Amino acid sequence: GPKAAELERRMAEFLETEHVVALSSGTAALHLALVALGVGPGDEVITTPITWPATANVIVHTGATPVFADVRDGDLNIDPEQAAALVTGRTKAIMPVHLAGQPCDLEPLWALGLPVVEDAAHAAEAGYRGRKLGGLSEAACFSLYATKNIAAGEGGLLSTNSADVAEAVRGLRLTRRGDGALYDL
């Protein structure tokens, strides 16, 4: 409704990104980001083992396989060198986690040339090298659960500068009449 649209608009402004899509949870945001990027059966997504189970679960829900890269001792975030060593022809995306709101080192991950979907569940107010998280990668996914730094009891947000990703996620977030579905045309 109008409050969700206002949240999307205000968070896009705050995150300095083109698109924010409100969803039922941060988990839904992660899952739909992968689906929007075409991740599916037979694919692999590189992520970290030090996170909430939802990060790996959403990869499995697409039919893909999670591949776990080790973390760096200093911040417990994904080690870009370990991630690079795990890339194969089946790797479709990388899903780093900004553990406890600490941004991981994104530039070496971007250099791998694969889509990056950031699990930013605890990082709504974090920045990376002077820029706010939210519009840096193909998608960044935030949680609004009660234990997060911006809480609404439940809910999630997907932010992106990609109109294609935003539109795909908007089309997937609701299954009902009246939301632009082909059924209504």
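The figures here come from the full heavy-atom set of this structure, side chains too, leaving out hydrogens, waters and symmetry mates. Bear in mind that the values here come from a model prediction, so they are computed numbers and not experimental data.
With Asp119 as the fixed residue, the side chain to side chain donor-acceptor pair (under 3.5 Å) test singles out one of Thr48, Thr27, Thr55: Thr55.
Scanning all heavy atoms of the two residues, the minimum distance from Val169 to Ala36 falls at CG2-CB, 3.9 Å. Residues Ala123 and Phe142 come closest through the heavy atom pair O-CE2, 3.7 Å. Cys104 approaches Leu109 most closely through the heavy-atom pair SG-CD1, 4.3 Å. Looking at every heavy atom in both residues, Ala126 comes nearest to Pro103 through CB-CG, 3.9 Å. Across every non-hydrogen atom of Asp105 and Tyr128, the tightest pair is OD1-OH, 2.7 Å. In plain terms, the two heavy atoms of Leu37 and Pro115 that are nearest each other are CD1-CB, 3.9 Å.
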Run the numbers on Val117 and Leu34 for side-chain contact (heavy atoms from CB on, under 4.5 Å), then give the verdict.
CA-CA 8 Å; Val117 175; Leu34 293 176; 4.2 Å; yes

Should Asp79 and Val71 be marked as a side-chain contact (heavy atoms from CB on, under 4.5 Å) after you check the CA-CA gap, both sets of side-chain angles, and the distance that decides it?
CA-CA 5 Å; Asp79 184 327; Val71 297; 5.8 Å; no

Checking side-chain hydrogen bond (donor to acceptor under 3.5 Å, both in side chains) for the pair Ser137/Glu118: CA distance, chi angles, key distance, verdict?
CA-CA 7 Å; Ser137 298; Glu118 301 169 45; 2.7 Å; yes

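Leu157 is listed as a side-chain neighbour of Leu144, based on a closest heavy-atom distance under 4.5 Å. Counting only heavy atoms from C-beta outward, the side chains of Leu114 and Lys92 never approach each other to under 4.5 Å. Contact annotation: the side chain of Glu125 approaches that of Ile150 to within less than 4.5 Å [non-hydrogen atoms, C-beta and beyond]. Put simply, the side chain of Trp52 does not reach to within 4.5 Å of the side chain of Asn57, judged on heavy atoms. A heavy-atom distance below 4.5 Å is not found between the side chains of Asp43 and Thr65. Between Arg129 and Glu107 there is a side-chain heavy-atom pair separated by less than 4.5 Å. Using a 4.5 Å cut-off on side-chain heavy atoms (C-beta onward), Val97 and Ile50 make no contact. A 4.5 Å side-chain heavy-atom check between Leu7 and Val20 finds every atom pair outside the cut-off.
A donor-acceptor pair is defined here as one N or O able to donate and one able to accept, closer than 3.5 Å; no such pair exists between the side chain of His19 and the backbone of Ser159. Remark: side-chain polar atoms of Glu18 are not paired, donor with acceptor, to backbone N or O of Thr160 under 3.5 angstrom. Between the Asn161 side chain and the Thr17 main chain, no donor and acceptor come within less than 3.5 Å of each other. Judged by distance alone, with hydrogens and angles left aside, the side-chain atoms of Glu8 form a donor-acceptor pair with the main-chain N or O of Ala22 at under 3.5 Å.
Donor-acceptor pairing under 3.5 Å is lacking for the side chains of Ser24 and Glu154.
From Arg170, atom CZ reaches atom CG of Leu158 across 9.5 Å, with rounding to the nearest 0.5 Å. In this structure, Cys141 SG and Met95 CE are separated by 6.5 Å, a value rounded to the nearest 0.5 Å. Note that the CD atom of Glu167 and the CG atom of Leu172 stand 10.0 Å from one another [nearest 0.5 Å]. If you take NE2 on His122 and OG1 on Thr147, they are separated by 5.5 Å, rounding to the nearest 0.5 Å. Separating the NE2 atom in His98 from the CD1 atom in Ile78 is a distance of 10.5 Å, to the nearest 0.5 Å. Atom CG in Leu30 sits 11.0 Å away from atom NE2 in His61 (nearest 0.5 Å).
The environment of CZ in Arg10 is sparse: at most 12 heavy-atom neighbours from other residues, nucleotides or ligands sit within 6.0 Å.
Under a hydrophobic-cluster definition in which Ile, Leu, Val, Met, Phe, Trp and Tyr are linked whenever side-chain heavy atoms come within less than 4.5 Å, directly or via other members, Val45 and Leu86 are assigned to different clusters. Both Ile94 and Leu136 belong to a common hydrophobic cluster when Ile, Leu, Val, Met, Phe, Trp and Tyr are linked at side-chain heavy-atom distances under 4.5 angstrom. By the criterion of side-chain heavy atoms lying less than 4.5 angstrom apart, applied directly or through intervening Ile, Leu, Val, Met, Phe, Trp or Tyr residues, Trp110 is not grouped with Val39; the two fall into different hydrophobic clusters. In the hydrophobic cluster analysis, where Ile, Leu, Val, Met, Phe, Trp and Tyr join through side-chain heavy atoms closer than 4.5 angstrom, Val87 is grouped together with Leu106. The hydrophobic cluster containing Val21 also contains Val35, counting ILVMFWY residues as joined when their side-chain heavy atoms lie under 4.5 angstrom apart, directly or transitively.
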